[in-house]
There are 2 protein chains.
Amino acid sequence: MVSIKKIATDIGVSAATVSNALTGKGRVSEEMTARIRSRAQELGYRPNNLARALKTGQTGILGLVMPDLTNPLFPRIAQMLSIAAERRGLGILIGDSRGSADEQNEVLKRLVDRGVDGLLVVPQKGTSPEMNAVPLAIINTASDPRNTVSADHAGGGALIARHISDIGHRNVVILGGDPVSEVQQDRISGMQSAMRQEIRSSVLWGDAGVAEVAERVRAGATAVLTTSDLLALRVHSELTRAQFSVPRRVSLTGFDNMSLASVMHPTLTTVAQDVEAIADRAIEILTAMIRGQAHPDTGRTLPMRLVVRNSTSNPEI
Amino acid sequence: MVSIKKIATDIGVSAATVSNALTGKGRVSEEMTARIRSRAQELGYRPNNLARALKTGQTGILGLVMPDLTNPLFPRIAQMLSIAAERRGLGILIGDSRGSADEQNEVLKRLVDRGVDGLLVVPQKGTSPEMNAVPLAIINTASDPRNTVSADHAGGGALIARHISDIGHRNVVILGGDPVSEVQQDRISGMQSAMRQEIRSSVLWGDAGVAEVAERVRAGATAVLTTSDLLALRVHSELTRAQFSVPRRVSLTGFDNMSLASVMHPTLTTVAQDVEAIADRAIEILTAMIRGQAHPDTGRTLPMRLVVRNSTSNPEI
DNA sequence: CTGTTAGCGCTTTCAG
DNA sequence: CTGAAAGCGCTAACAG
């Protein structure tokens, strides 16, 4: 391992000077700087981040905590965050808070112990992560008072409901996965608030809800709006089993625009988050917090985008 | 930040003694150890991993590099690795080698610069990661000579082919996503080697292959074996469009047992990797390498498991 | 059993 | 413009 000292003795200057030259803190003559730089190059010098971190108190590492790494959105979020972080020279340490809120706080502590400069957390449904050792950015939904950045889930719900209304549906069923999830609640209330008076709607939840969908359709509903693409796929199975064709007999929508949405049959009308923008802003805000600055966009949401495919059409009549 | 020194002066012993007591290196009287421990507790002492790492040269952090964080298997692998790592008190720093082999090597370097003790890498298709600064474990497939641990992809292919053969199919088409992938090649050669002489089979690749499937079925094929569940879902769309019912008219299989496999309609016959075991063994082997030991299971594969669902059945006569 | 000393590799005053 | 010295928090020799 070639250290700053090696370069220093090699050239015959002090370690401090090498450090200054390399980090460009000025205070060193151009010529000396050049000599130091080129020697460093030759030796293949790479700064030891640990030593630097110990001295400066900053590791350049961010912790990312997700409620369940199995969440189908995780890969995209993780990828976009890792790209956004890398662009700023930061690394990402992962943590899985699977299960309890307690576990979540444990994970936060562990990451802090490992020296992260800040934390990005997608909270466990219905919990509020606790940690004041380092800045914390929360990616959740607008109705979470501590939310730092998120997609406009309610707005997304409104988009899809308006689409369904526009093409003529007047009797719809809304299906959520878990009422504890603030995100899903927001999606649903967005749907409800966008539906005109004349639309009849009711909300179903979870497995029981999935099982009940076919019956509701039989009773007259012409569209099923779900809070996730995976849920939509399950509903599609149920409807197929019950001989209801999508979209001829029932329209069906998802949420999140996962890859399966464009690959299932029929392809799924859904609503997409701009994950890249969310990731970028999350990192942006968090780094500002780390520098001790407030960021004007804190708490603001990012618009969602309606993606119309083949699972929705006019109701028959 | 409460340091070891604080505890030392508090109690009136030296920093070294506190260190020894806390890390349980013996050499300290029971009584003193207890006093130190309880004081540490009171003060909420947490060791500074950076300082420790700088001193010992070990960070307790592993780097995980995947070719594309968007890979549908990534979440499960990442989760299982993170659990397996955590169990051993290790952290995981992520890296995305998206795109090129060059980028892959860049990422490896960056992680090493950040002080990882070892690297877990799922290589970019057809590349061999380069890094000798720290131990490296490769998760790929048996035919990769540097492979450290992986599922037995060829064995998985054999399982699925045998199933198809057992239920009476004699004319099948095999569909792969990308011939550059060693994993997919192994899956396919496993399928081929398990099919009895009397079975006619041909191999198709990529988008062109997907587009050609229906035609092959029209020409007499009664089963389509794909190398991934997502590919199977796409094929299902094509078949449905062409009015071929699954499994009545054609049987269809996937690979990997992703969550969509149990949720699509019909549910998908596929083959599952024991991701948890792979993750655990990968970490096990890597930590052995870090300790400078050889591990007997290096290079061995783990069996896959056939999951029969509703997308396969006897061919109609 | 306990303390002293030294140093991991780097940055940062403060002098020269 | 450059150098000397100190120290981040911890551990590993070596003495006592």
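Below, read A as the first sequence line, B as the second, and so on, with proteins coming before strands; counting in each chain starts at 1.
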| query | In this structure, are over 12 heavy atoms from other groups packed under 6.0 Å from B:Q41 atom CD? | reply | no
| note | Of A:L54 and B:E30, the one whose closest nucleotide on DNA chain C sits nearer the 5' end is B:E30
| Got more than 12 heavy atoms from elsewhere within 6.0 Å of CD, A:E276? | no
| Between A:R146 (side chain) and A:P129 (backbone), is there a donor-acceptor pair under 3.5 Å? | yes
| task | State, without any angle test, whether B:T141 and B:E182 hold a side-chain donor-acceptor pair at a distance under 3.5 Å. | result | no
| query | Between B:T127 and B:Q104, does any side-chain donor sit less than 3.5 Å from a side-chain acceptor? | reply | yes
| Does A:D256 reach the main-chain N or O of A:M258 with its side chain, forming a donor-acceptor pair under 3.5 Å? | no
| field | Interatomic distance where CZ belongs to B:R35 and C1' belongs to C:dT2 [whole Å] | value | 13 Å
| remark: Taken to the nearest whole Å, CD/B:E31 to C1'/C:dC1 is 12 Å
| said: One character per nucleotide, please: for nucleotides 10-16 of chain C, 5' to 3', B when the base has a protein heavy atom closer than 4.0 Å, S when only the sugar-phosphate does, - otherwise. | reply: BBBBB--
| Euclidean distance, atom CG of residue B:L22 to atom P of C:dT2 [Å, nearest integer] | 14 Å
| Is a salt bridge present between B:D10 and B:K5, judged by a nitrogen-to-oxygen distance below 4.0 Å? | no
| message | Using a strict heavy-atom distance below 4.0 Å, which residues from residues 106-118 of chain B are in contact with DNA chain D? | response | none
| query | Just checking A:M32: base, sugar-phosphate only, or nothing, at a heavy-atom cut-off of under 4.0 Å? | reply | sugar-phosphate
| query | Quick one: bend of the helix from C:dC1-D:dG16 to C:dG16-D:dC1 from 5 pairs per end, to 10°? | reply | 40°
| request: Could you tell me whether the side chain of A:R114 and the main chain of A:R110 form a donor-acceptor pair under 3.5 Å? | output: no
| message | Show, in sequence, the C-alpha distance, side-chain angles and deciding distance for B:S143 and B:D186, and conclude whether the side chain to side chain donor-acceptor pair (under 3.5 Å) test is met. | response | CA-CA 7 Å; B:S143 70; B:D186 281 13; 3.0 Å; yes
| said: In whole Å, I'd like the distance from the CE atom of A:M1 to the C1' atom of C:dG7. | reply: 18 Å
| query | How about B:N140 and B:S150: does a side-chain donor come under 3.5 Å of a side-chain acceptor? | reply | no
| said: Expressed as a whole number of angstroms, how long is the span from B:I7:CD1 to D:dC10:P? | reply: 8 Å
| For atom NZ of A:K6 and atom C1' of C:dC8, their distance in whole Å | 18 Å
| Does a donor on one side chain and an acceptor on the other come within less than 3.5 Å for A:E130 and A:N105? | no
